[in-house]
Every structure is written in C-alpha cells, then in structure tokens.
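Comments concern the structure below.
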Amino acid sequence: MSGTKQSSPIEETEVKSGGRGRWLALSVLVLAVLLVAVDATVLGLATPSLSEDLGPSGTQLLWIGDIYSFVIAGLLVSMGSLGDRIGRKKLLLLGATAFGAVSVLNAYATSPEMMIVARALLGVAGATLMPSTLALIRNIFHDPKERSLAIGIWGATASAGAAVGPVVGGALLQHFYWGSVFLINLPVMIVLVIVGVKLLPESKNPVAGPWDLVSVGLSLVGVIGVVYAVKEAATHGLTWEVAATAILGAAALYAFVRRQFTLPSPLLDMRLFRHRGFSGAVLADLLTVFGLSGLVFFLSQFLQLVQGRDPLEAGLAELPAAIGAVATGLVAGRYARRYSVRVVVTGGLAAIGLALAALTVLHKESGYPLLGAALLVVGLGAGFSFTVTADVILSSVPKEQAGSASAVSETAYELGAALGIALLGSIVTGVYQGFTAPASVAGPVADAAHESLGGAVEAARTLDPGTAGQMVGAAQEAFVDGLRLASGVGAAVLLATAVAAWFLLKGQRLQDGVEH
C-alpha cells in the first residue's frame, strides 16, 4: 500500500455502473471467497477418517487443522499489497489456478507431514485470493449503499462458507474418501478462472512503489510465530521453546511495524491504526471469526465422535450458523445506517458470546435444540459484526489502497479462524488428555487414546467390548468437559470484546454519498 497521496489515477478497467456487469463480476468474486472460506472448515468432519488413514498425533492433527489459516494470515498483507502493485485481477486468477493445483496434492497426501505441507501451500494460494476479492469490490462499486450490499453478500458468503464447510464435507464423506473435500475445488476454480477472465475488471495502484520482500518475511515469521506460541502454550504449557517462539514472533512483528514507518511505499500504512474506529473494526472482525470458527471446529467432532452422528448428519446439524450469517449479512449495512455501526457490531459480538455461554451446560446427551439455537445465534451475530466491520475497514481508505486495506480485514478474518481453532481447540485437547483410561489398557493403546478422541475410538477397536466401552465413555466425558471450558473462555472473550467495541466504535458511520 502506498503511503503517498499522489493524484495519479488508478489504472483500472471500469465495470459500467449501469447494467448488470458489476453484479456479474461480484458473482465471480463470491465464488472465490466461498471456496477459501469452505476450505477453512471443510476438514473438520473429515478429521476422524483422515486420522484413521494417516495416523497423525494430536499435535499433527491440530497443525493439519490450522496451518492453512496460519499461512493465509501471515501472507495476506503481503499479497494484498502485491495485488495493488501487479493488478488485483491478475493476482486473483494466478491464485485460483494455484489453489486448484495444490488441492490435488492435499487430496492424495500419504502422511501427516505431507498433509501439513500441502495445507500450508494451499494457504499460500488462498492468500492471493481473499484480499483481491474485497479490493475489487471497492473498485467496482462506487455508490456506498451499493457497496455495502456487495460487501454484505461477500461477508455473508465468507461467514456462511465457514459454516457450510461441514455440510459439504459431510455430503462428500458420505460417499467418497476424505480427499474428496479437496478435489471439489478443481471444477469451481476452473469456472472461476474462465469466467473471471471475461468479467472481472483489472485495477492497480500505478504509484504503489516496489514490493518489499523484507517486510513480507517479517510479516510471515511474526504472525506464524505468535500464533504457534499461543497454540503450544494452550496445549503443553509455557516451555522455553514456546517462549522463544513467542519472542521471535513478537520481535518480527515489531520490526515489521517499525519498517513500515520508514518505507516510502510500505506494505501496510500503520497510520490507519491511529483511527479508533478502524482499530475497533479490525479487533471486532478478528474475534467474530474467532468465536465462529472455534465453535464449528469442535462441534463437528462432538456431533460425530460423542453423539455418533454420521458426517452428513453432523454437517447438516451445523447449517443454522450459515443460515443466520446469510440472513443478517445481507441487511447489516442497512441496519448500521439506521441505528449505528457500534450498535450493530456490539450486538453481533454479544450474541456470539451469549451463544457460547449457553454451551457451557452441554453434556453428552444434550438435545439438538440447544446446539441448533446456539449455532443460529452465532451465525446471526457473525453476519452483523463481520459484514459491518469489513465495510468500515474498506471505506476508510482511498481506492488505490484497497488491496492493503482489504488485506487487513482478511488478516483479521484468517487470524481469528486460526486462533479460534488453536486456542479453543487446544483447551479442549488439554482437558481431554487428562482423562483416565481403564487400568487394564496397555501403554501403547492408552497413549494412542490420549492423543485425540478419534484416536481413542480407533484404539478401542483392539479391546474387548466392555473395556472399549469404558475407555470411550471416559474419553467422551473428558472431551465434553474440555468443550464446556473452551465455550466459557470463548464467551468471556466475545463479551469483553462487545464492551470494547461499544467504546471504540463510538461515532463511527458508514459512508452515504456517491464517490466521484
């Protein structure tokens, strides 16, 4: 993003404001964001069958689940800035091609290590897609009310995609092996590239300056280092290796921020964060997705491994979150103008917090009405909060800085998804690993059972029915204990954020006048 304010026009091929061109272009962008969002959670339901096939440890399983979001979060600012420089359409189409190719590598991974690497590469490709989609919306829609609707559609798709992931995964796993959740990306990406070439306008900032590779490296090391340290500390406690990683990540982020102030053309204009409304929107953005993704991830396992639902049934059970996100995402901009940005965002955050709080009374035999209602309320809250915060972030900058500004929104989204899975998932894992296996269970079998709930179910197959039932029952109880604690922590975080957003977003309004 350029820190300069030259008056040179943006180089872009305009989509005519009359007719349907800009809405057809939006449909292509929505397709891209849907795929990236679905991929963040589609693996949740495949975890049991993937565990059985590849045999990952508990730590490897967490890495398979969250390395995708870690890498995306670490690269989004860099890729958003690159799109400003080389062209957002070009970056989007290159990323889509790479995303399809790497999906094949994920589908045919033969070891946990190969799966982690393949997921990381998919994250690299995904990082090129997300900021390009939102930046192109900023440049296609010049009427703020139309742009709010477009961002609402985009936001509803992003929120719903995370919730629809388990449904897609469940439908595929009902009939195919776990790799099918990645192969489904191929036809979608082919359509996206073919249609995108024709419909999408090109836009870039002709005065953006060079792409600073040192900043790229600092951003990647900083984000991954800090998030890894959070994940490991939550699972294994604060060891010297975790502390060293945290210090390395924090030092890299500090160096990144300092470097941005010295560059004539920084990757990210840090002065934006001096604006209270901008900073509040970024924080709310991050923690909205923190609550949504963490909930979807561990409830996928609860529905299958504790309540015994098949993958498709478990996926459909999580559908209320998607319905809620779509319903409120489409009207969020209108409500924010009628009432205020802070009322809508604070209400959304509080709704997610209260839904998570309700899950602290969950037990093995809990009926679906509790789960369904909690998921619906989380979706409603996420649709309101995420959509309005994205609009605030994107509207705060000139069009030539749209790539980097949208990357900030997307970094918050992906970092929230990573932290939700890492922190809440690690709390579940940490409590779970403390369960007591029956005394008659041999060491290696007990060790396998303590790695994960899926591992316990698999290990129980080698035992006599009575002992197996005892061990699985104890493991399920421990998992639910961990889930309740994670829900309580998530509720406290979201409710505290709702209070903070009320003050940070005071006086913040969405733009009304048409741009010229």
Side-chain angles (χ1 to χ4, degrees), residues 40-41 43-44 47-48 51 56-67 69-70 73 162 226-239 241-243 245-246 286-307 318 321 349 352-364 366 370-371 374-375 378 415-436 449-456 474-497:
T41 56
L43 204 58
T47 297
S51 298
S57 67
T59 301
Q60 286 175 326
L61 196 59
L62 277 177
W63 272 112
I64 289 170
D66 57 33
I67 189 65
S69 293
F70 285 2
V226 168
V227 177
Y228 172 80
V230 170
K231 180 182 76 68
E232 288 298 299
T235 308
H236 304 297
L238 189 61
T239 63
E241 293 99 334
V242 171
T245 305
L286 187 152
L287 289 167
T288 295
V289 184
F290 172 91
L292 176 67
S293 64
L295 178 67
V296 168
F297 183 77
F298 55 64
L299 275 188
S300 294
Q301 297 178 64
F302 173 81
L303 290 164
Q304 288 183 91
L305 298 174
V306 176
Q307 294 201 328
E318 295 188 355
L349 290 166
I352 299 170
L354 291 172
L356 287 170
L359 293 179
T360 58
V361 301
L362 195 70
H363 52 83
K364 283 174 64 174
S366 289
L370 172 64
L371 292 173
L375 285 162
V378 165
L415 197 54
L419 285 171
I421 293 172
L423 186 56
L424 299 183
S426 296
I427 290 171
V428 174
T429 301
V431 173
Y432 167 80
Q433 290 176 340
F435 89 89
T436 304
H450 280 92
E451 283 292 338
S452 67
L453 182 53
Q476 289 175 334
E477 287 290 354
F479 182 86
V480 175
D481 287 343
L483 195 155
R484 284 197 295 263
L485 178 59
S487 297
V489 170
V493 170
L494 267 295
L495 292 172
T497 308

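We use all heavy atoms of the structure for the numbers below, so side chains are in, but hydrogens, waters and symmetry mates are not.
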Closest approach of Leu370 to Val361 (non-hydrogen atoms, all atoms of both residues): CD2-CG2, 4.2 Å
Side-chain touch Val428/Leu485, heavy atoms, less than 4.5 angstrom: no
Over all atoms of both residues, closest heavy-atom pair of Val306 and Lys364: CG1-CG, 3.7 Å
Atom of Gly482, atom of Ile427 and distance for their closest heavy-atom approach: O-CG2, 4.1 Å
Minimum side-chain heavy-atom gap Leu371-Leu362 below 4.5 Å: yes
Residue pair Leu287 / Leu494: nearest heavy atoms and the distance that separates them: O-CD1, 3.4 Å
Test item: Gln476 side-chain N/O and Gln307 main-chain N/O as donor-acceptor pair under 3.5 Å: no
Shortest non-hydrogen separation from Gly353 to Ala491 and the atoms involved: O-CB, 3.3 Å
Check: Pro56 and Ile64 side chains under 4.5 Å, non-hydrogen atoms: yes
